[in-house]
Amino acid sequence: MYSSASNSYGQQTSNPNVSSPSSTGPQDEDLIKWFQAVDQDKSGKISSIELRQALVVGNGAHFSFEACELLVKMFSSENSKTIDLQGFKQLFHYVNQWKTSFHMFDKDSSGAIDETELGQALFQMGYRLSNKSIESLFNKFASKPGQITFDGFILACVQLHKLTNAFRRHDTKLMGTITIGYEDFIQAVVEST
């Protein structure tokens with residue numbers, strides 16, 4: 001449920017079970033090799049099309065184009081349509097956090113979660129949302145009736161994160177309520193979608 005207590009409407013917490021990519025060591029070397037393999041045109045940057053070739057949902061299918069475009073946009077250092085190695089490392093870290101959360105609630109290992117499980121995952125991530133908000137998110141990102149796959153889950157998490165950040169810019173007292181003008185509302189929604 002939604003809680004108006006200080007900052008609880010969207011405080012996404014780090015998952016202690018997922019370590020962030022280190023700047024040295026085997027994980028970094030593997031990420032560099034993976035980045036270079038995905039960077040088909042050897043430009044030093046990865047497009048959403050190249051990223052899609054690298055990301056698999058879990059059932060052998062690739063992430064959706066929409067998910068890859070959103071991830072590239074989120075991790076692009078210069079707001080371009082590509083990510084560099086640093087952005088790729090950040091993306092890898094976040095995808096692993098989301099993957100851990102997703103698998104924690106995909107109890108039957110089907111590669112999909114239902115609406116209740118989505119609510120539980122978001123709660124575990126620190127979001128306090130009403131059942132109606134969870135239902136809206138679920139319906140928007142469900143790939144099949146009653147199911148949301150991993151890339152749909154990522155889309156929902158990214159969208160929720162962006163909307164929460166837009167909300168926070170206006171919630172200067174961290175009360176969980178804002179009063180904004182129509183133009184500010186339009187700008188916040190457009191920037192978040």
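For F102, the ring-ring contact (aromatic ring centres under 6.0 Å, His included) partners are F150, F153, not counting sequence neighbours. Residues meeting the ring-ring contact (aromatic ring centres under 6.0 Å, His included) test with F75, sequence neighbours left out: Y94. The side chain to side chain donor-acceptor pair (under 3.5 Å) test applied to T82 returns S80, not counting sequence neighbours. Residues passing the side chain to side chain donor-acceptor pair (under 3.5 Å) test with S136, sequence neighbours excluded: none.
The distance from atom CG of N131 to atom CZ of F138, rounded to the nearest 0.5 Å, is 13.0 Å. Rounding to the nearest 0.5 angstrom, the gap separating the OG1 atom in T164 from the NZ atom in K162 is 12.0 Å. Taken to the nearest 0.5 Å, the CG atom of D184 stands 5.0 Å off from the NE2 atom of H170. Taking OG of S48 as the start and CD of Q53 as the end, the distance is 10.5 Å to the nearest 0.5 Å. Atom CG of L118 and atom CD of E135 lie 11.5 Å apart (nearest 0.5 Å). Atom CD of residue Q159 and atom CZ of residue F141 lie 5.0 Å apart, to the nearest 0.5 angstrom.
A donor-acceptor pair under 3.5 Å links the side-chain atoms of T100 to the main chain of N96, judged by distance alone.
Listed here is the closest heavy atom pair of T149 and S143: CG2-OG, 3.3 Å. I134 and E115 make their closest contact through CG2-O, 3.7 Å (heavy atoms, listed as atom of the first residue, atom of the second, distance). Considering every non-hydrogen atom in both V38 and A54, the closest pair reads CG2-CB, 3.3 Å.
Counting heavy atoms from C-beta outward, D151 and L55 have side chains that stay 4.5 Å or more apart. Side chains of W98 and V158 form a contact here, defined as non-hydrogen atoms less than 4.5 Å apart. In this structure, the side chains of L122 and S101 stay at 4.5 Å or more apart for every pair of heavy atoms. Looking only at side-chain heavy atoms (C-beta outward), F35 and I32 stay at 4.5 Å or farther from each other. A heavy-atom distance below 4.5 Å is not found between the side chains of E183 and Q187.
Within the structure, the salt bridge (Lys or Arg N to Asp or Glu O under 4.0 Å) test picks out no pair touching residues 95-111 (sequence neighbours left out). Listed by first and then second residue, the salt bridge (Lys or Arg N to Asp or Glu O under 4.0 Å) pairs involving residues 33-56 are K45-E78 (not counting sequence neighbours).
A continuous path of Ile, Leu, Val, Met, Phe, Trp and Tyr side chains, each step under 4.5 Å between heavy atoms, connects F185 with F167, placing both in one hydrophobic cluster. No path of Ile, Leu, Val, Met, Phe, Trp and Tyr side chains, each step under 4.5 Å between heavy atoms, connects V72 with I49, placing them in separate hydrophobic clusters.
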Given the rule in the side chain to side chain contact (heavy atoms under 4.5 Å, CB included) test, do F105 and T116 qualify, once you have shown the distances and angles that lead to the verdict? CA-CA 9 Å; F105 293 97; T116 301; over 6 Å; no

